[in-house]
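Please read the structure below before turning to the comments.
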Protein chains: 2
Amino acid sequence: MADLSTCRPLTRDSVKEAHELIRPYIHQTPVLTNTTLNTIASTPLSSPGAAKPVIRLYFKCENLQLIGAFKVRGAFHAVERLKQDPTWSREKGVVTHSSGNHAQALALAARSNNIKAYVVMPSISAPPKVSATEGYGATVIHSGSTSVEREAVTQDVINSTGARLVPPYDHPDIILGQGTMGLELQDQFSQLRSQLSSSSSSPNPSPKNLNAILTPCGGGGMLSGVALSCEGTPTKVFGAEPSFEGADDCTRSYYSPDGVRIESVKSLTIADGLRTPVGEHPWQIIYERRLVSGMYSVTEDQIKSALKLVYERMKLVVEPSAVVGLAVVLYNEQFRKMVEQEGGADGWDIGIVFSGGNIDLSKLGELFSPATDEQTVITA
Amino acid sequence: MADLSTCRPLTRDSVKEAHELIRPYIHQTPVLTNTTLNTIASTPLSSPGAAKPVIRLYFKCENLQLIGAFKVRGAFHAVERLKQDPTWSREKGVVTHSSGNHAQALALAARSNNIKAYVVMPSISAPPKVSATEGYGATVIHSGSTSVEREAVTQDVINSTGARLVPPYDHPDIILGQGTMGLELQDQFSQLRSQLSSSSSSPNPSPKNLNAILTPCGGGGMLSGVALSCEGTPTKVFGAEPSFEGADDCTRSYYSPDGVRIESVKSLTIADGLRTPVGEHPWQIIYERRLVSGMYSVTEDQIKSALKLVYERMKLVVEPSAVVGLAVVLYNEQFRKMVEQEGGADGWDIGIVFSGGNIDLSKLGELFSPATDEQTVITA
């Protein structure tokens, strides 16, 4: 990883630079709209006194990104910056300890640049995850399950190969890379709006900026990157988390009296990409610099309901972590009241990031079993 | 339904007319590509002497169409033609007997035109199907389960209301409506090719026409409509069917010595949209006029394998019927040998129609259970 002292400043312009660097490698994922979901989002919940927001949604489909998740943006950017680092050379390679999307993203970014990639995974990792990472050309090295054991093995790899560590979220290069999706979403929204206003006779064309973007928040790399991509624009950025077993660490820290970052989380939320606590660099952007305007959380049932709507109505395969932003819009009454108040009769245009689509298909039946199906969604 | 004697002739120009009529109501669904699926399709199967075709795929995503299936094209076209019929008026309404996508399509087409729709369904129909059809504003009328009972109830509706019958596939107006997806696919392919050739330095840019389009074949409305949309162009059209329990009726008829259409099918293939025998009007286009260049069939396991690839690699929700064309391209050795011979080193650009995405989500777990997962795909 590039040394922190040589990193670009954490600004919107640096996100633009990152975009120029990674654009040849990644997909500009599509932005989709869905009339039915707009109607559902604009219908008051059944509770008495429920908010009546007017909502138009724009879905940034990072589930259609390379490797099925946004993580390639940060990984490709980290590798591009490393290539500019005179204290490192390609033969040395890169290393990370991860068993999720970041491992595959780094493996792909390395292979695309003829760079060796080492991925340290607990030896109990599911075989499909190991083979997927190997499928992208990485060398998988097994370790014990604790973070101490993984870090020890990672350090061994670094010592013996000179490989540079590329962490999954807590680094400026990763944050700037993930932020590139925010630039694309803003541009794509403007294009969509101008197409619509030229083809319709609507008396009240919406403004040319999104009112808000919601992204999921695990380690916070994506949320903070997207927040940077909107700095100085009229677009507000909000974060979404699962509340199950305390996975809403960033929400709780954000609204705590002392603003101290919670550094440890142990949750088995179905939104498995969001079980990590928010990192230090993201937290500075999210909280210290106040570039995120609010944090909201949702229950497991609300996540399942949103997931079902995306499969049924949008015909898209997404992972549970990907829909927490949509779940906030649909079911978090606090968020909906805010949109009602600030958006008024014109309402809000809201960008929603679908962060990824990597899900164990054999578990879809459980997620959508009739029992789940009929559960009542309780609003926050 | 418009009287047969007043229907437009079954030609490519009539498909263009149909497209002009329905364009304001339907989505122009996207055409997606996928590098991984191109690689898999261009990799020989493991059997000795396997074909080595070079294949580039273009997926027409009718699963992203209104109501989640292509059926709205035919339904909207039928309604547009009815509106021009002086012997019918809107108050009389339309009627069909169907429990599938056609019922919802007709309900939506009727509602969009302030026309009353009656749908006759067996009283044992699954409640979600009934409520989905009612959700689009149709009046559902229950009948017994046999076709004689359903037709009797339908005739009662016609006698008491003056509603006109809109059948699901065996009518020129339906065929012409479904064919509109073929026009869009041809146009979208040309646009994609010109974008690619302007941005790449490929020494061998592909020709500007698709070499082939594959569509699923149940009643044959879509297959014959798409065949009409390609008449007089260099693009060949092929049909795909499940072979399970004789659901490949059109394939068997097509290659029978006497060319007699099989009129009855009893199959419980997982491709539940394709359990119907091919209709009389479609058959004339497919076989008598030779506008379909070949028919191919695939096994249940091949359909499941293709389905899994689409969920995993394309992150799209499709129904089993939707992927039989892809299954032919990936697993039918006869088709693959033909592409190898005719396409040579340049290979073929093949359009694949994903016909719909309406699937019972609670059954996805079964479809993707590990047992299925590990089954060997046997080539035809």
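Convention: sequence-line order gives letters A, B, ...; per-chain numbering from 1.
Applying the ring-ring contact (aromatic ring centres under 6.0 Å, His included) rule to Tyr136(B) yields no partners; only residues at least two apart in sequence or on another chain are considered.
Contacts from residues 105-112 of chain A to chain B, taken as heavy-atom pairs separated by less than 4.5 Å, involve no residues at all. By a heavy-atom distance cut of under 4.5 Å, Gly357(A), Asn358(A) are the residues of residues 351-359 of chain A near chain B, going up by number.
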Using distance only, find each side-chain donor-acceptor pair of residues 30-37 of chain B under 3.5 Å and give its atom names and separation, not counting sequence neighbours.
from, atom 1, to, atom 2, distance (Å)
Asn34(B), OD1, Thr36(B), N, 3.1
Asn34(B), OD1, Leu37(B), N, 3.0
Asn34(B), ND2, Arg313(B), O, 3.1

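Counted by atom type alone, Ser362(A) and Asp360(A) present one or more donor-acceptor pairs between their side chains at under 3.5 Å. Between Lys60(A) and Gln188(A), the side chains place a donor N or O and an acceptor N or O closer than 3.5 Å (distance only, hydrogens not considered).
Between Arg73(A) and Glu184(A) there is a salt bridge, since at least one side-chain N of the basic residue sits less than 4.0 Å from a carboxylate O of the acidic one. Using a cut-off of 4.0 Å between Lys/Arg side-chain N and Asp/Glu carboxylate O, Glu62(A) and Lys71(A) are scored as not salt-bridged.
With Tyr311(A) as the fixed residue, the side chain to side chain contact (heavy atoms under 4.5 Å, CB included) test singles out one of Val318(A), Leu316(A), Leu367(A): Val318(A).
Using a 4.5 Å heavy-atom cutoff, the side chains of Tyr58(B) and Arg193(B) are in contact.
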Full working for side chain to side chain contact (heavy atoms under 4.5 Å, CB included) between Phe70(A) and Gln65(A): CA-CA 6 Å; Phe70(A) 73 96; Gln65(A) 185 53 269; 5.6 Å; no

